[in-house]
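The structure appears right after this line, and notes come after that.
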Amino acid sequence: MSLGKYHPETIEKKWQDVWQESGCFEVEVDSEKPKYFVLEMFPYPSGKIHMGHVRNYSIGDVVARFMSMRGYNVMHPMGWDAFGLPAENAAIKNDSHPADWTYANIAEMREQLQRLGYSYDWRREVASCRPEYYKWEQLFFLKFLEKGLVYRKNSPVNWCPDCNTVLANEQVEEGLCWRCDSEVEQKDMEQWFLKITDYADELLADLDQLDKGWPERVLTMQRNWIGKSYGAELTFSVKDSDETVSVFTTRPDTIHGATFMSLAAEHPLVEALIDGTDKAEEVREFVSKVRNMDRIKRGADDLEKEGVFTGRYCINPLTGKEMPIYVANFVLMGYGTGAVMAVPAHDQRDFEFATKYELPMQVVINPPELAEKGDTLALGDMEAAYTDPGILVNSGEFDGMENEAAKKAIVEHLDKSGLGKMTVNYRLRDWNVSRQRFWGAPIPVIYCDDCGVVPVPESELPVKLPEDAQVRKDGKSPLPHMESFVNCTCPKCGGAARRETDTLDTFFESSWYFFRYCDARNDEAPWSAEAVDYWMPVDQYIGGIEHAILHLLYARFYTKALRDTGFVRNDEPFANLLTQGMVLKDGGKMSKSKGNVVDPNAMINRYGADATRLFILFAAPPVKELEWSDQGIEGAYRFLNRLWRLVEELQDVLPTAAPVSFTDPKSETAKSLRRKEHETIKRVTHDIENHFQFNTAIAAVMELVNELYHCKDELKADAPEALSSAIATALTVLSPVAPHICEELWEVLGHKCRLADLDWPSHDEAALVLDEVTVVVQVNGKVRCKLNVPNNAPKDEVEKIAMEQENVVKHIEGKTVRKVIVVPNKLVNIVAN
RNA sequence: GCGGGCGUGGCGGAAUUGGUAAACGCGCCAGAUUUAGGAUCUGGUGCCUUGCGGCUUGGGGGUUCGAGUCCCUCCGCCCGCACCA
């Protein structure tokens, strides 16, 4: 029977059907087998998959198939992060419901993923926009509310005018909306918050246990984002007032040098201080100027420091001196208390500010080198603030102390009068989860004029998003205008009430979907304890680095919150994380505007799924960026053809044989092929298992195929079983990467079982042993000749042979041999001068 | 400024513990096959040199018999955070 040409489209469809019909990737809890949960970040159903998805999911698929052949019970699910703005925008454009667009995209993308042959257990598929899914997060929301992890407050929030909604801090990047790059504005609004700050310490501390499994980069980014800093909270009284101002400072040791106070424009005390004074107008004008400044300009590092005097003073608790209170444009309400005690001599910003407004300065920290000479730092000599450690001066009873020791001593002193305490401050803010959008999960609360905020009773969940909603041309949510949705009765008093019309941030859905995969069809509960206890945590999570502090931080927090509300037992969701690099074209991101987007469909049509997978895994190690190359995928396709032709040519002469079944070589050629076969297993196993280095694993298989080409004519007659065994091995270890062609050729070779059901082969260390090895002979570190000597030949014998070599003799002529280094089976280095 | 990473042929990239730098692939060159082209197979391909040989992992220095790998220093690039009190 002739195999004919390699036609990927035929065989790929064939095997995809076989997999689907046999349900071979469907898994259940099995306490007899070790589990392995491999998860790729679920996609937003934007329309079509792109090369980034192909890379992400191909990596995951190799891991899943590899681990499965290694004997693990592998769960590999897929789903859809299906709420989001693009669906609403598309609905506006097409005058339809966001659900139509979303479900159509899901259908198309699911088909694309199936065409790529990924080993998903599709029975576990979730779509976060389905009520059967978001019903559970509404339940979690209520439990969090009960537990005090959810609260409502009015506060300045990030508002994206283009998306018509607020954004969490994590979703504002350099003052721009993470999604549409519009300038984010500040607005005061009533919003729902999740108390992620309650977990700041645990989120930080637990990063240490992720040390081995997570990239250092991501850990660092999360640490920075949480931004823990040790300091003190100090209280200053306001002159002629009962008010106090509290500040956070990391330098309580410099309090004697605090000569003025700076408040953020948003500081609530500002209005109280100036109301009715002759400064009121000037200050208000400044405040509104600062608040209306856009975030980029306000956050720029070259922003000119500006401020305005409020006309009021506070009192330095240690010096008793009056400190003028300013409103300053560089003080942020979002960090610390929004007020800073200004120590111009020892803080660069305060120094610049004081210089500009001619405010007093006082040196209180003396550099150690001056202190040793008995000198003291003089203001006149200073061109910048002195921020390094030193000895306290001009600080009363604390003079002479080292500043680190003084921090503690001064706070303890202030604590006696209740004016200071050591604190820890975090940069992390609570997570704003309210969104003024339609296409999201409704927040399950009701507003009653008599009872206030009332949670929706659990029995009434889910609060469904209306299917008859008509999106509005102005892009605003239709929910507040839908009486059928808004109007309801208060669960408490039965009176007329209104539903919350904000929806949840879509990161709310992606914070727990991995738990749902464990028991995705459960309609009694979000999941069974049995399922979650067995499958979680995720053993290997794979996704883009762009979620380093968004999704990955939220999901960690959410897991801890679910733990503390009794839903799960896990502290951390993801044991190991792989962040794959981007797929580039012409050195940059693929983009529609540049017209260089490579469409996965086109590649599958032209070269097949196997070649596409092979190329994307071969072109670069997974963590690095990958430059897409049209010639490169051509090469991958060529290799698969080469493999195909090899089997085609040999199929009639080869016995059906399992991997590593050949054990008894009669010739040097057969022995050498066997060695290559076992070497390949060793390398592929090592490369996948230890570093996910699919590129080198694939290179190893290519080498084996090259060797097969070289020895096939000789071995066809004498040792077909050697060829058979080696080909079986090649197909087996390549199958996680290119599963369709490998299954097909496996079948062609007469096997009845499926390759995917095979155990991963192990190499025989004895097969790797060489009879003869090449030893390099160096003179003074330079290679002069190469010798073939018996494996493990005694050192002195090798040395003797080396010394006799013509080219060696030539190079040591007239010199004295000082030393000879012999590394067995590797090299001889003769040191002579 | 702070933190992290990177720098190897024409290109993508390989190199357990320091031990033949450039595996594998792309591209290129030659040969075979072919009417021709394409495809395929085989071989070659870091740089300089006619050759002997010399040089080569961003630059410089060091440790070592031996350094892409370890140490110091400088340069360049990328990423993240950034007026954080």
Side-chain angles (χ1 to χ4, degrees), chain A residues 5 173-174 215-225 227-229 231 247-251 254 258 262 264 298-305 328-332 334-343 346-350 352-353 425-427 545-546 548-549 581-582 614-615 618-621 623-636 638-639 641-642 645 683 686-687 690 693 695-703 705-706 709-710 774-786 807 810 818-833:
Chain A
K5 272 184 72 180
E173 293 164 352
E174 293 178 5
E216 189 57 42
R217 252 204 317 167
V218 177
L219 297 175
T220 308
M221 283 166 79
Q222 292 215 352
R223 285 191 185 106
N224 288 345
W225 187 261
K228 184 176 188 174
S229 69
V247 301
F248 172 76
T249 178
T250 54
R251 295 297 303 274
T254 62
S262 306
R298 195 174 167 185
D301 52 1
D302 56 355
L303 178 74
E304 172 80 18
K305 288 178 184 41
N329 63 351
F330 64 90
V331 180
L332 308 170
Y335 186 79
T337 62
V340 182
M341 72 171 204
V343 186
H346 304 291
D347 180 282
Q348 187 55 29
R349 293 156 301 178
D350 297 341
E352 288 168 30
F353 195 84
N425 188 55
Y426 297 94
R427 212 182 77 114
I545 187 84
E546 66 273 16
I549 46 174
M582 282 208 304
L614 180 70
F615 170 68
F618 178 64
V623 296
K624 286 188 70 167
E625 291 183 332
L626 183 151
E627 173 71 24
W628 182 267
S629 154
D630 292 332
Q631 285 168 331
I633 190 170
E634 196 87 44
R638 204 177 300 162
F639 169 73
N641 271 292
R642 203 164 142 80
R645 282 192 307 269
R683 283 174 59 188
H686 175 269
D687 290 353
N690 298 16
Q693 284 187 21
N695 54 331
T696 50
I698 292 163
V701 181
M702 287 174 168
E703 283 186 47
V705 171
N706 288 344
Y709 263 85
H710 290 140
T774 302
V775 169
V776 173
V777 184
Q778 301 178 329
V779 176
N780 292 331
K782 290 198 162 67
V783 180
R784 294 303 172 189
C785 70
K786 292 170 188 179
N807 207 29
K810 193 173 126 195
R818 303 287 172 190
K819 200 172 178 183
V820 179
I821 287 116
V822 182
V823 182
N825 293 342
K826 287 263 180 199
L827 65 67
V828 178
N829 189 10
I830 300 155
V831 186
N833 60 12

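Predicted model, so just to flag it, every value in this text is computed and none were measured. Atoms considered below: every heavy atom in the structure, side chains included; atoms not considered: hydrogens, waters and symmetry mates. A note on names: the letters A, B, ... follow the listed sequences, proteins ahead of strands, and every chain is numbered from 1.
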Check every atom of [options] against the side chain of [X] and return the nucleotide holding the closest atom.
{"X": "A:Ser229", "options": "B:A85, B:G53, B:G4", "value": "B:A85"}
{"X": "A:Asn695", "options": "B:G3, B:G13, B:G19", "value": "B:G13"}
{"X": "A:Tyr335", "options": "B:U20, B:C84, B:C65", "value": "B:C84"}
{"X": "A:Val831", "options": "B:G54, B:C65, B:U42", "value": "B:C65"}
{"X": "A:Asn706", "options": "B:U40, B:C24, B:A14", "value": "B:C24"}
{"X": "A:Lys786", "options": "B:G19, B:U20, B:C84", "value": "B:U20"}
{"X": "A:Lys826", "options": "B:G19, B:C65, B:G54", "value": "B:G19"}
{"X": "A:His686", "options": "B:A14, B:C79, B:U16", "value": "B:U16"}
{"X": "A:Met702", "options": "B:C24, B:G80, B:U20", "value": "B:C24"}
{"X": "A:Ile821", "options": "B:A85, B:C65, B:G54", "value": "B:C65"}

Rounded to the Å, how far apart are [X] [atom1] and [N] [atom2]?
{"X": "A:Asn690", "N": "B:A15", "atom1": "CG", "atom2": "C1'", "result": "16 Å"}
{"X": "A:Leu827", "N": "B:A21", "atom1": "CG", "atom2": "C1'", "result": "14 Å"}
{"X": "A:Met341", "N": "B:C84", "atom1": "CE", "atom2": "P", "result": "15 Å"}
{"X": "A:Glu703", "N": "B:A23", "atom1": "CD", "atom2": "P", "result": "10 Å"}
{"X": "A:Leu219", "N": "B:G3", "atom1": "CG", "atom2": "C1'", "result": "13 Å"}
{"X": "A:Tyr426", "N": "B:A85", "atom1": "OH", "atom2": "P", "result": "14 Å"}
{"X": "A:Phe330", "N": "B:A82", "atom1": "CZ", "atom2": "P", "result": "18 Å"}
{"X": "A:Ile549", "N": "B:G80", "atom1": "CD1", "atom2": "C1'", "result": "8 Å"}

Contact class for [X] (heavy atom, under 4.0 Å): base, sugar-phosphate, or nothing?
{"X": "A:Val776", "value": "base"}
{"X": "A:Arg645", "value": "sugar-phosphate"}
{"X": "A:Arg642", "value": "sugar-phosphate"}
{"X": "A:Asn829", "value": "base"}
{"X": "A:Glu352", "value": "nothing"}
{"X": "A:Glu627", "value": "nothing"}
{"X": "A:Lys228", "value": "nothing"}
{"X": "A:Glu546", "value": "nothing"}
{"X": "A:Arg683", "value": "nothing"}
{"X": "A:Arg349", "value": "base"}

Who pairs with [N] - Watson-Crick or G-U, where each distance is under 3.5 Å:
{"N": "B:U40", "answer": "B:A32"}
{"N": "B:C47", "answer": "B:G54"}
{"N": "B:A22", "answer": "none"}
{"N": "B:G3", "answer": "B:C79"}

In whole angstrom, give me the gap between the [atom1] atoms of [N] and [M].
{"N": "B:G9", "M": "B:G5", "atom1": "C1'", "value": "24 Å"}
{"N": "B:U56", "M": "B:U49", "atom1": "C1'", "value": "15 Å"}
{"N": "B:A15", "M": "B:C2", "atom1": "P", "value": "33 Å"}
{"N": "B:U57", "M": "B:C52", "atom1": "P", "value": "22 Å"}
{"N": "B:A23", "M": "B:C11", "atom1": "P", "value": "15 Å"}
{"N": "B:G12", "M": "B:C28", "atom1": "C1'", "value": "16 Å"}
{"N": "B:G58", "M": "B:G7", "atom1": "C1'", "value": "6 Å"}
{"N": "B:U42", "M": "B:G46", "atom1": "C1'", "value": "23 Å"}

How should the glycosidic conformation of B:G4 be described, syn or anti, under the criterion that syn lies within 90° of 0?
-> anti

Can you find a donor-acceptor N/O pair under 3.5 angstrom joining the side chain of A:Asn224 to the base of B:C81?
-> no

Would you kindly compare A:Trp225 and A:Ile830 by the position of their nearest RNA chain B nucleotide and give the one closer to the 5′ end?
-> A:Ile830

How do A:Ser629 and A:Ala339 order along RNA chain B: which one's closest nucleotide is nearer the 5' end?
-> A:Ser629

How about A:Arg217: does its CZ atom have over 12 heavy atoms from other parts shown lying under 6.0 Å from it?
-> no

With a 6.0 Å cut-off on ring centres, are A:Phe330 and A:Phe353 close enough?
-> yes

For A:Ile821, does its backbone N or O pair with a side-chain atom of A:Asn829 as donor and acceptor, under 3.5 Å?
-> no

Can you tell me how far CG of A:Leu614 sits from CE of A:Met702, rounded to the nearest 0.5 angstrom?
-> 5.5 Å

Nearest 0.5 Å, what's the CZ-OG1 distance between A:Phe618 and A:Thr696?
-> 9.5 Å

